[in-house]
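What follows is a single structure, written as structure tokens, with notes after it.
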Amino acid sequence: MKTAPTVVLNNGLAMPMLGLGVYMTSGDQANAAAEEAIAAGYRLIDTAAAYGNEVGVGSAVRSSGVSRAELFITTKLWIADYGYDEALRAVDQSLHNLKLDHIDLMLLHWPAPSGFDRTIAAYRALERMHEQGAIKATGVSNFTEAQLDHLDDAVGITPAVNQVELHPYFSQTSLVKANQRRGILTQAWSPIGGIYINHPADPNQVTEVLNDPGLVEIATHHARSPAQVVLRWHFQSGVATIPKSVNPERIRQNIDIFDFELSQKDMEAIGLLNRDARAGAHPDVFDLDFLTKLLQK
Ligand code: A2P
């Protein structure tokens with residue numbers, strides 16, 4: 001059985017360096033994927049209130065036959081639930097959906113900069129739930145360096161994790177270093193660049209990181225898939241990942257990366273693929289107002 005190595009977060013909690021992502025999957029799909037993943041050795045499942053599939057994930061955890069203590073469940077607080085009391089209620093709702101008595105890592109899903117006081121209040125609510133034992137680690141997602149500083153000035157617990165868009169075409173090296181300086185672990189969402197496929201800027205010209213010729217060449221050399229090479233690149237860079245897949249073969253493939261090593265030359269070559277090409281929303285603009293306007297278009 002292949003399990004991912006763990007990393008010790010800034011509060012002493014051990015977290016697997018690789019887990020399953022379930023973005024854009026229905027409750028049933030997430031349930032099946034999480035069951036498959038746990039059977040394949042995954043010990044971390046990453047969901048979010050906004051994905052609408054916490055129930056499916058929680059059910060897979062309970063039926064897995066693996067003890068709760070061995071599993072690491074991440075979920076995220078949605079921006080509509082920011083504010084102190086709202087966040088307390090939303091964490092309770094996530095616990096209820098998951099039917100678990102604690103969440104291992106709870107993230108603020110986005111910084112929501114236009115109402116940052118509510119973002120701070122939401123983080124304080126996570127701190128309170130942490131004190132009570134309902135959350136084992138508090139963290140953030142999609143925060144820029146400036147937003148981390150803004151938060152840090154106002155709260156007591158440094159986030160354990162900053163989960164951000166990160167793949168070979170958007171390697172965010174300065175943000176990774178900024179996180180490191182603060183003792184915050186970087187966790188990559190869309191680590192193999194699936195965001196380009198799921199949200200293509202131009203549907204007629206979809207960018208596929210995994211088809212990059214440089215990557216394919218390295219993968220061929222190691223007799224691995226491009227996805228395995230990218231996930232290994234993250235791991236050797238000290239970045240945790242949550243590749244999303246609902247396909248049993250790809251779920252197994254994505255965790256099978258801990259028995260080969262990329263050379264320094266491979267690592268540098270993958271680093272050079274960076275195009276600073278963000279595919280997801282920008283954290284300086286993405287908030288509830290932005291979303292509302294987007295939906296009204
Ligand atoms: P599927 O769920 O059908 O496997 P990311 O996590 O970077 O956003 O990538 C997710 C996307 O990549 C999904 O569309 C997923 O599709 C696909 N995917 C996941 N694992 C692999 C893999 N090993 N090879 C190719 N595509 C993959």
Side-chain angles (χ1 to χ4, degrees), residues 2 4 16-42 44-48 50-53 56-57 60 74-76 107 109-110 141-142 161 163-172 176 186-201 203 206-220 222-235 237 239-260 262 270 273-275 277-281:
K2 295 174 174 90
M17 281 292 283
L18 182 142
L20 178 77
V22 293
Y23 173 57
M24 283 181 68
T25 63
S26 68
D28 288 348
Q29 275 182 318
N31 178 258
E35 279 186 354
E36 192 72 45
I38 296 170
Y42 286 66
L44 186 157
I45 312 289
D46 177 285
T47 178
Y51 302 167
N53 57 22
V57 168
T74 303
T75 192
K76 312 182 194 84
L107 306 176
H109 207 145
W110 285 89
S141 186
N142 300 302
V161 167
Q163 184 187 104
V164 296
E165 178 184 346
L166 206 171
H167 42 72
Y169 287 173
F170 189 53
S171 57
Q172 300 229 61
V176 172
T186 305
Q187 189 178 45
W189 64 254
S190 209
I192 54 177
I195 182 76
Y196 290 107
I197 301 164
N198 295 324
H199 293 286
V206 175
T207 310
E208 287 198 42
V209 174
L210 299 182
N211 284 341
D212 187 283
L215 213 50
V216 172
E217 195 184 317
I218 296 171
T220 307
H222 288 276
R224 297 287 172 144
S225 72
Q228 288 175 310
V229 164
V230 173
L231 293 169
R232 181 74 203 183
W233 167 73
H234 284 292
F235 176 65
S237 310
V239 170
T241 53
I242 45 156
K244 175 260 165 182
S245 182
V246 292
N247 174 290
E249 194 279 321
R250 290 194 281 274
I251 288 173
R252 287 193 290 275
Q253 183 195 118
N254 292 346
I255 197 172
D256 187 12
I257 61 155
F258 299 109
D259 60 351
F260 77 107
L262 297 172
I270 300 170
L273 299 179
N274 179 42
R275 305 172 176 184
R278 186 192 293 279

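Order of listing sets the numbers, starting from 1, for every ligand and every atom in it.
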Sub-3.5 Å pairs, protein N or O with ligand 1 N or O:
residue  : atom   : partner : partner atom : Å
ligand 1 : 2 (O)  : K244    : NZ           : 3.0
ligand 1 : 2 (O)  : V246    : N            : 2.9
ligand 1 : 3 (O)  : R250    : NH2          : 2.8
ligand 1 : 4 (O)  : S245    : OG           : 2.6
ligand 1 : 4 (O)  : R250    : NE           : 2.6
ligand 1 : 4 (O)  : R250    : NH2          : 3.3
ligand 1 : 6 (O)  : K244    : N            : 2.9
ligand 1 : 7 (O)  : S190    : O            : 3.4
ligand 1 : 7 (O)  : S190    : OG           : 3.2
ligand 1 : 7 (O)  : P191    : N            : 3.3
ligand 1 : 7 (O)  : I192    : N            : 2.9
ligand 1 : 7 (O)  : G193    : N            : 3.2
ligand 1 : 7 (O)  : G194    : N            : 3.0
ligand 1 : 8 (O)  : S190    : OG           : 2.7
ligand 1 : 20 (N) : N254    : ND2          : 3.0
ligand 1 : 23 (N) : Q253    : OE1          : 2.9
ligand 1 : 23 (N) : N254    : OD1          : 2.8

Got a sec: does the CG of D28 have more than 12 other heavy atoms crowding it under 6.0 Å?
no

Apply side chain to side chain contact (heavy atoms under 4.5 Å, CB included) to A188 and list each qualifying residue two or more places apart in sequence or on a separate chain.
L166, P191, H234, V239, T241

Counting heavy atoms not belonging to Q29, are there more than 12 under 6.0 Å from its CD?
yes

Residues in side-chain hydrogen bond (donor to acceptor under 3.5 Å, both in side chains) with T186, at least two apart?
N179

The side chain to side chain contact (heavy atoms under 4.5 Å, CB included) partners of A219 (sequence neighbours excluded) come to P226, V229

Side chains of Y42 and N254: donor-acceptor distance under 3.5 Å anywhere?
no

